[in-house]
Every structure is written in structure tokens, then in C-alpha cells.
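A short worksheet on the structure shown next.
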Amino acid sequence: MVVGSGGREHALVEALAASRLEPEMYAAPGNPGMAGIAKTVDIPASDLAALRDFARENEIDLTVVGPEDPLIGGIVECFSEEDLAVFGPSRAAARIEGSKVFAKELMHHAGVPTAEFEVFDREESALAYLYSTERYPLVVKADGAAAGKGVTVARTREEAEEAVRACFGGKFGPAGRRIVIEECLEGREASVFVITDGEEVLPFLPAQDYKAAYDGNRGPNTGGMGAYSPIFWMEPATYAAILEEIIRPTLHQLSLIGSPYTGVLYAGVMVTPEGPKALEFNCRFGDPETQVLLPRMQSDLLELMIACGEHDLSGREVEWSSEKTVCVVLASEGYPEDYDTGVEITGLENLPAGVYVYHAGTEERDGRLYTAGGRVLNVVGTGPSILEARARAYAAVEQIHFEGMHYRTDIALEAIELEDL
Ligand code: AMP
Ligand code: GLY
């Protein structure tokens, strides 16, 4: 059973369904895109007890959790009361995403390179700090999970002040009662994923995400407007340094404090002139990074997840095809701020070969498809080069229509130039 309803979960369902083990698949709550490959179950990802009861009654052998909230909320502990297996970290280990303060202090103790930081639990002291420093730009982060919206890169003291007041003023609820103010890192950002049982580390490929809403990396931060793989600009030595200096010490530290980590660990990394530094950790796969990675994966994802639960990752490797992938996210007008739903989607028939469409926020009624979220569809083009993968993705995008449809036109553009070098 896959828990979640976005494009990441659609890609997970597809990859797991292709396993040699021929699993019978469920998705809770799932979406119309998955309905052909998994039985969708009308239980929200937030209802942990109902998910557990369903898993018990239907003898689900393995539950794979897409989004962070159920993990941060303790789905692993909830399921283990009934001896039900979940691929993902415990509540204690998921604090690495659930609390920025926890993550920063853990990194500090583990000697992991990251931005210098200060923690504040009072507005006055945070504001006093803003007046005592000249180090702008700097970054203000709400401690708790705020769906990617709790982070402000503030260029000026005024912007920082506004962000601090927003946090303590309750804009992010309890997530903003404590904040981190940290140094702004310059460099190139990448998303790095590993599967781990707390000791063995099985590296995935890194991927490039596009967080800003508009072309040229302008506009507000979103969950992700596009992605591509592979990323040509990351040297193998840099990737090795990320594993050795960021991922492994973090996992070791989590074990030391009695919260060993299992599942997927996602490190958001800034590759700076001084080397890679950790921006944040997430306790799950990235969305939309998963949508460009899983179509390239040749290993059996389900077997790897089972092996992870059995502490049997040693000697395994993940195999990847040489295909390149580019994902363009089609979003509702207004996303990431307010947006309407219930708008009809057309043009999904007869898409070009080499294109996958993952559903993110869609709903089916009477055989027609409607928007049901901010990020609506993920269009993934594949091909022997980024140039071709990108052309396929955008050719498919041109065929798809819903009123107010918004997407970035510059996804993977930089990669074409790098590819030629
Ligand atoms: P986070 O949720 O911590 O990854 O922050 C969201 C986004 O804000 C990251 O993906 C970065 O683009 C940006 N960001 C976070 N921390 C920093 C930092 N210290 N320096 C520069 N950019 C940052
Ligand atoms: N694409 C960023 C994330 O999944 O958090």
C-alpha cells in the first residue's frame, strides 16, 4: 500500500507495481492516475488509525509512505503496534524533517557542514539579533514543517523582520513558535537521496529540483515546479563528499542518540565553493524529483524496500538506465498561493511516445478529469539526451489544457548547455 495522493506517489505505485514479486497494490487515498494499477482506498494520509486498521484487515505486507506528515506523526509506531511493516523512519528519526532546530543541532554535533545558525524562541531576541548583525542576506526558518513555506531568504533586514514577525505571529501555527536564523549559502542546489536501514547506505542518483514558481527562479517558493536527471554538473567527488560528510555522519548521529533511521533520507544540499553543505533533510522521497528518478531505475524498488526492512542492503546497488528525464509540473493558476479547483483537464489522450504523465492533484467525475490541487499534473519526457527528453515533455505539455494552467518554460534548459560540454 502506498500512502499519499500526489505525483510522487503515482510514480512510486508504478515502480512498485512493476516488481518481479507481482504485488497486489493499494493506494490510500491515491488519485485517478493510479487507479488502473492500484486499488484506491478512500482513507486520507492523515488518518493513521484507519490506515492501520485497513492494513491489518487486508493483510498488507508493506506500506510505503509518500508524504512527510504521517511519518512525522508516527505512522511507523502506529503500524508496529500490530506488527505491520512500513517503509519509512520512526517518529523520532523523522524529526530530522519535522524540526529544523533538531536537524541543525544534530548536524552541529555530527560535524556536518551546514550554514551557521542561531535558534530563537522569542520574537524580541530574534529581532534584536537582526539589528546586531550585518550579514545580509540571511535565512529565516520556522522550526516545524510548514509545507515548504516556512523558509524566507531575506535580502534585507526589513524582509527578515517581516519573516520573523510572520513566524511568531502565528502564520505557520505552532511550527513558527521557534525559529532558526542562518547564514545564506551561495552555490548550486541539488536533491540527494539514499535508501538506508540506519547503517548500510544505498545511494540513489541526485536530481535537480526547481523550487521557484516562475521562470528564471523568480517568484515564491513552491513544492517544486520541475526536475531533471541526471545532473551533469555534479562531480563524482562532490557526490562522494555528500555521502561521506553529510549523509553518513547524520545517520551515525541519529543512531547514537537512539533514533536510528530507516527508509529514504533526502538531503537538500548546496554545493558551495567550499564544498557541499546541507540545507535541510527530509524523511521521504522528493516531489517532483521522484518522478524523474524512478522511470530511470532498473532495479526492483520493492525488493530493495523489503531488503531495507530486513537489514539486508549490504552488497546491493541500484541500477539506472542511461535514459535522461525531464519533468514539467503543470500547476493551477495562483499556486503556491490561493487557487481554484474543479477545472476540467483535457488533452491527455495520444501523448507522444516516451512521455509519462503522473497525476498530482486530479479528480475524476463521470469519466472526466478535473483539477483538485495546486500541482495538478507532472509531465515527464524521457530520451537519450536531456535535449530530447525536454522536447518530448514540452511537446506533451502543449497538448494538455486546463484553464489557468501554469508551468515553467525553463526546466532543464541549463542542462542542455552542460550536456554539450
Ligand atoms: P529548506 O526547507 O530548509 O530546504 O529551505 C527551502 C529552500 O530555501 C531551499 O531549497 C533553498 O533553496 C533555500 N534555502 C534554505 N536554507 C538556505 C540557506 N542557508 N542558504 C540559501 N538558501 C537556503
Ligand atoms: N521537491 C522538494 C521536496 O520534495 O521537498
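Counting from 1, the numbers follow the sequence of the chain as shown. Atoms within each ligand, like the ligands themselves, are counted from 1 in listed order. When reading the values below, keep in mind they use all heavy atoms of this one structure, side chains included, and skip hydrogens, waters and symmetry mates.
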Problem set entry | Residue pairs fulfilling ring-ring contact (aromatic ring centres under 6.0 Å, His included) with at least one residue in residues 150-206, sequence neighbours excluded | Phe193-Tyr266, Phe204-Phe285, Phe204-Trp320
Mind listing the N or O contacts between ligand 1 and protein, cut-off under 3.5 Å?
| unit_1 | atom_1 | unit_2 | atom_2 | d |
| --- | --- | --- | --- | --- |
| ligand 1 | 2 (O) | Lys100 | NZ | 3.0 |
| ligand 1 | 2 (O) | Glu280 | OE1 | 2.9 |
| ligand 1 | 3 (O) | Lys100 | NZ | 3.2 |
| ligand 1 | 3 (O) | Lys141 | NZ | 3.0 |
| ligand 1 | 4 (O) | Glu280 | OE1 | 3.0 |
| ligand 1 | 4 (O) | Glu280 | OE2 | 2.8 |
| ligand 1 | 10 (O) | Glu189 | OE2 | 2.4 |
| ligand 1 | 10 (O) | Lys211 | NZ | 3.1 |
| ligand 1 | 12 (O) | Glu189 | OE1 | 2.6 |
| ligand 1 | 12 (O) | Glu189 | OE2 | 3.3 |
| ligand 1 | 16 (N) | Lys141 | NZ | 3.0 |
| ligand 1 | 16 (N) | Glu182 | OE2 | 3.4 |
| ligand 1 | 19 (N) | Glu182 | OE2 | 2.7 |
| ligand 1 | 19 (N) | Glu183 | O | 2.9 |
| ligand 1 | 20 (N) | Leu185 | N | 2.8 |

Exercise. Should Glu161 and Arg165 count as an ion pair when the cut-off is N to O under 4.0 Å?
Worked result: yes
Problem set entry | Proximity to ligand 2 by part of Arg8, non-hydrogen separation under 4.0 Å | neither
Exercise. For Asp209 and ligand 2, does the shortest N/O to N/O distance drop below 3.5 Å?
Worked result: yes
For this session: For residues Tyr26 and Phe54, establish whether the separation of their ring centroids is below 6.0 Å.
Result: yes
Using distance only, find each side-chain donor-acceptor pair of residues 228-236 under 3.5 Å and give its atom names and separation, not counting sequence neighbours.
| unit_1 | atom_1 | unit_2 | atom_2 | d |
| --- | --- | --- | --- | --- |
| Tyr228 | OH | Glu414 | OE2 | 2.5 |
| Ser229 | OG | Arg296 | NH1 | 2.7 |
| Trp233 | NE1 | Gln208 | OE1 | 2.9 |

Exercise. Which of the atoms of ligand 2 are close to Gly286, meaning less than 4.0 Å from one of its heavy atoms?
Worked result: 4 (O)
Exercise. Should Glu245 and Arg248 count as an ion pair when the cut-off is N to O under 4.0 Å?
Worked result: no
Exercise. Does an N or O from Gly223, backbone or side chain, lie closer than 3.5 Å to an N or O of ligand 2?
Worked result: yes
Seminar exercise, completed: Residue pairs meeting salt bridge (charged side-chain N to carboxylate O under 4.0 Å, His left out), one or both in residues 137-148, sequence neighbours left out, come to Lys141-Glu182, Asp143-Arg178
Seminar exercise, completed: From the list Gln291, Arg8, His10, side chain to side chain donor-acceptor pair (under 3.5 Å) partner of Asn378 resolves to Gln291
Problem set entry | Glu289, any N or O under 3.5 Å of ligand 2 N or O | yes
For this session: Answer yes or no for Arg157 and Tyr131: cation-pi contact, defined as NZ/CZ to six-membered ring centre under 6.0 Å and angle to ring axis within 45°.
Result: yes
Exercise. Between Glu189 and Lys211, is there a salt bridge with N-O shorter than 4.0 Å?
Worked result: yes
Seminar exercise, completed: Honestly, for Arg284 the part within reach of ligand 2 (heavy atoms, under 4.0 Å) is side chain
